[in-house]
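Input: a single structure, listed below in structure tokens.
Both counts, for ligands and for their atoms, begin at 1 and track the order of listing. Everything numeric here is computed off the predicted structure, so don't read it as measured data.
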Amino acid sequence: MKISAAVCRDTGQPLTIEVLDLDDPRPNEVLVRVVACGVCHTDIGIQRLVPKPIVLGHEGSGIVERVGSAVTKVKVGDRVVLTFGSCGVCASCVEGEPAYCHDMRRLQFSGARADGSPTMRQGASPVHGAFFQQSAFATYALATERNVVPVGSDVPLELLGPLGCGVQTGAGAVINALAVRTGASLAVFGVGSVGLSAVMAARIVGATTIIAVDVNPVRLETARSLGATHAIDARSGDVTARIQEITAGGANFSLEASGVETSFNAAVECLAIRGTCGFVTAPRQGQAFPFSLAPILLRGRRLMGILEGSSVPDRFIPRLIELYRQGRFPMDRLATYYPFADINRAMDDSHYGRAIKPILRM
Ligand code: CXF
Ligand code: ZN
């Protein structure tokens, strides 16, 4: 079928909205009419590492338009959130950890289905799709049964796409991966959409000291209003010492969600004895991470790499939606809406921190 999609032809260049041809769904696939799609920093940062031209977008939400012959999870007309792809048969998937799918890289970033076949083209010219098994910067997206999550009709569908990546990354890091406990202390470095989702989750689980660290005063204020008990300007001197002081000896948990290499060390050094630091980003390829090992090993500290909040999306996303319904997880506070035609403005606003979570309306 013909679709309109935002095509990334060159790294860092404006996306162009073009008419493309999208495949019909295969037996395990679901065709979704995209209602909205969030913008995640990965849509920007990954451009130099994926084959181009490509259609990005991996926080789609929409309505099922067609299903493949083997699909049982959803039917035509169902409302769905699209999330990351996973294979379902590797050791991680069978152990209930699809975020660590052994095929993660290929399923999100190869620009094709798991078997290497393309999902879209422009006449005779190839265009890469299947980004996160969705490529949802488009009017229609082709997903697999495994990465569609059915959602109810009593919540605004256009808000929900970011649950599929950024929001579950932050909330899941706190709830699933770090398993932050009632009464614990947590320092969150970087309060964009991932960090603010972590702050909201920390309040839900009953953390009593929630410290937000950022350079943006507006975000720090937002963090406070969403549950942070303390807000620290990252440029205001010795952040580590300040956190050690607030927590009387170090935070039980920290989360590095800024992607700024200089804060990687602070996120480790602010920890208490036996504290754990979660990382949802990594230093750029080839970039050293020059932290000293002794204070980690000799204090029983732990470092944990966390992907997609260690989420099982079919279970975790409905739980976050129920918390939103109850007013306990106000993720609507993160959203700024843009018409699809303004996708380049939305990407820029994300990149320069002018919007926390841009959401494109298709
Ligand atoms: C990604 C980060 C890189 C690995 C897969 C998941 N998160 C999405 O933006
Ligand atoms: Zn993402």
side-chain contact (heavy atoms from CB on, under 4.5 Å) between Y100 and S310: does it pass, once the steps are laid out?
CA-CA 8 Å; Y100 306 94; S310 301; 2.6 Å; yes
For residues 41-83, which residue pairs pass the ring-ring contact (aromatic ring centres under 6.0 Å, His included) check, not counting sequence neighbours?
H58-F131, H58-F132
Let me see the working for R361 and D342 under salt bridge (Lys or Arg N to Asp or Glu O under 4.0 Å), right down to the final yes or no.
CA-CA 10 Å; R361 287 188 172 115; D342 288 352; over 6 Å; no
Protein N/O/S atoms closer than 2.8 Å to the Zn ion (ligand 2)
C40 SG, H58 NE2, C165 SG
Just to be sure I understand the cut-off, which residues have at least one non-hydrogen atom under 4.0 angstrom from an atom of ligand 1?
C40, T42, H58, M104, F132, C165, L307, E308
Taking atom CG of L226 and atom CE of M331, what is their separation to the nearest 0.5 Å?
12.0 Å
Chi angles and distances behind the side-chain contact (heavy atoms from CB on, under 4.5 Å) call for D154, R325
CA-CA 9 Å; D154 57 337; R325 265 196 204 99; 2.6 Å; yes
Under 4.5 Å between side-chain heavy atoms, chaining through other members, with only Ile, Leu, Val, Met, Phe, Trp and Tyr counted: pull out the rest of the cluster around V32, sorted by chain and number.
V30, V64, V67, V71, V74, V80, L82, V148
Between A173 and L255, what is the shortest heavy-atom contact and its length?
CB-CD1, 3.8 Å
Output the distance between atom CZ (R333) and atom OG1 (T222), rounded to the nearest 0.5 Å.
6.0 Å
May I ask you to check whether over 12 heavy atoms, not counting those of I63, lie within 6.0 Å of atom CD1?
yes
